[in-house]
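Encoded as structure tokens, the structure appears first; notes follow it.
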Amino acid sequence: MDRKTYKRYAAARAKKSPSIVNCPRAFLVGGAICAFAQLLRDLYGLLGWEAKTVGMMTSATLIFLAVLLTGLGVFDKIAAFAGAGTLVPITGFANAVASPAIDARTEGFVLGVGAKIFTVAGPVILYGIGTGVLYGIVYATLRAAGIGG
Amino acid sequence: MGENKRLRIAVPGKRVRVIASGSVAGREERRGPLGDTFDFHDAGDDRFGMPTWERAESEMQRLAMQAALKGAILDDGDLDYLLAGDLMNQCVGSNYGLLSFGVPYIGLYGACSTMAEGMLLGALLCGSTARRCGVATSSHNCTAERQFRFPVEYGGQRPPTAQWTATAAGAVILSSVPEDVDRLHGSFEISVSETLAGEAIDAGITDMGNMGAAMAPAAADTLERYFHESGREPASFDLIVTGDLGAEGSGILCDLLAVHGFDVAPRHTDCGLLLYDRERQDKHAGGSGCGCSAVVMASHVLRNMAEGVYRDVLFVGTGALMSPLTVQQGRSIPGIGHLVHLEAQRRPKGEIQ
């Protein structure tokens, strides 16, 4: 069997990830996280904070909880069940930053945590900021040309 | 695979016995079907009393070698060589783990095939000038996750073809000293009768989540060469055990060999399939890692051989010879399979203590 045939054969027999099970799980867990966040938002709203502060505190609470669960060694178990359900909300990003930091702790705070904290989230940060800058330039140019608001 | 007429099966120059073994496992492995057969386990957090995962793995390898030495009532001064390896960069698990033994040390890297590689070399060394060799390998799920995949606590889903790096270590002691037969406990003595080193084969697989498919062609190649050269049939063995192809690679191996007229399926099993209850423990395609085949060999396989349950066993250690860097650079994953032929013979009644 030549390499091409073998690759095709191996890919064909490999069991695919069961989307039919994973998608509803992601939907339920992801939805539950968002519903919980909405509840927090409403509660914080009752404290009489400004809308901006309420939004920020809601995100901060979710980040805190995700990092706490990561530290307790529970988050990865929930994520193995939920998949995109925990990955897509801000909880996934928090876990992606906290988990390398925990791992790298044994190599010290500078070359360990400092250097490795963004090994997973780094691409999101780099290209997220990069896209933001690009969008800003386009927006500013269009405005200067008198197009759009 | 060209038409190579050169004979490759190597027979040790003297009788080389497997006189003792030691096995160490983590919590998940302890919960598996072979859980009761290990010499040591860490019921807690898999740290084996150490502050880092890396040191925990070294400690596991030390414990495994110590258990093997104890089983044979030997101390480190009785060994001529230590052959050992693991998955960590620069093989630090073995380098540090065996530091305290004060025995000439040969570090090996064959990925998950390292146990077979070590037994193969140890048998040939004992077959020439060495009296006794210790062979040990280890892997730790947390050191491997960090190095090859994602941080330990990172939350993600794994594909069904992915294997789980075992937290385990195994050690065996090989001896060409005839009197060492008195050190055996079982009613059968186990010898390494033949070895066949594998060829690295790149079958073109680029998916790190399907190592079984990357390694199976190499295991099939080694077994096929062995059957051709020895003239023996798969059915004439009690057990053909690979380590670790997992469910996916095992299926491919049986398929590939069947195409060439060798039906290994009735005799075949895989260390990665034996170590865990895949369904209950959510281990996808099964176990992997240098420690997986080592611990299964050092407990389940050798124990059953010492009791005569299996008498004629082919052990093919299989490894994926890549690094995360080469995979990211788009190179495909070469596999390798080293074969060790083990035979158990009943000891004369008077000899058994």
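This is a predicted model, so every value here is computed, not measured. A note on names: the letters A, B, ... follow the listed sequences, proteins ahead of strands, and every chain is numbered from 1.
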Practice prompt. Counting only heavy atoms closer than 4.5 Å, note whether A:K77 contacts chain B via side chain, backbone, both or neither.
Written response: neither
Practice prompt. Would you give the length of the straight line joining atom CG of B:N210 to atom NZ of A:K7, rounded to the nearest 0.5 angstrom?
Written response: 11.5 Å
Worksheet item: Out of A:V74, A:T70, A:L69, A:D103, which residue meets the side-chain contact (heavy atoms from CB on, under 4.5 Å) rule with B:E153?
Response: A:T70
Discussion item. At a heavy-atom distance under 4.5 Å, which candidate from B:H284, B:E145, B:R146 has the highest pair count against chain A?
Written reply: B:R146
Discussion item. Are B:D255 and A:R13 packed together at the side-chain level, in the sense that at least one heavy-atom pair is separated by less than 4.5 angstrom?
Written reply: yes
Discussion item. Heavy-atom pairs under 4.5 Å with chain A: which of B:I252, B:V259, B:V152 has the most?
Written reply: B:I252
Worksheet item: Looking only at heavy atoms, which of residues 46-56 of chain B get nearer than 4.5 Å to chain A?
Response: B:P51, B:T52
Discussion item. Counting neighbours of CZ on A:R3 that are heavy atoms of other residues, nucleotides or ligands and sit closer than 6.0 Å, is the number greater than 12?
Written reply: yes
Worksheet item: Which atoms of B:D202 come close to chain A, meaning under 4.5 Å heavy atom to heavy atom: side chain ones, backbone ones, both, or neither?
Response: both
Practice prompt. Would you name the heavy atoms of B:Y154 and A:D76 that are closest together and state the gap between them?
Written response: O-CB, 3.5 Å
Worksheet entry | Any residue of residues 78-100 of chain A which, by heavy atoms, sits under 4.5 Å from chain B | A:A79, A:A80, A:F81, A:A82, A:G83, A:L87, A:N95, A:A96, A:S99, A:P100
Item to complete: Name the option with the most non-hydrogen atom pairs under 4.5 Å to chain A; the candidates are B:A203, B:G212, B:P159.
Response: B:A203
Discussion item. For the backbone of B:I205 and the side chain of A:Y6, can you confirm whether one donor and one acceptor N or O come within less than 3.5 Å of each other?
Written reply: no
Worksheet item: So does A:L47 have more than 12 non-hydrogen atoms from other groups sitting under 6.0 Å from CG?
Response: yes
Worksheet entry | Which of A:M1, A:K16, A:K15 touches chain B most, by non-hydrogen pairs under 4.5 Å | A:K15
Fill in: Closest non-hydrogen atom pair, B:T161 against A:A14
CG2-CB, 3.6 Å
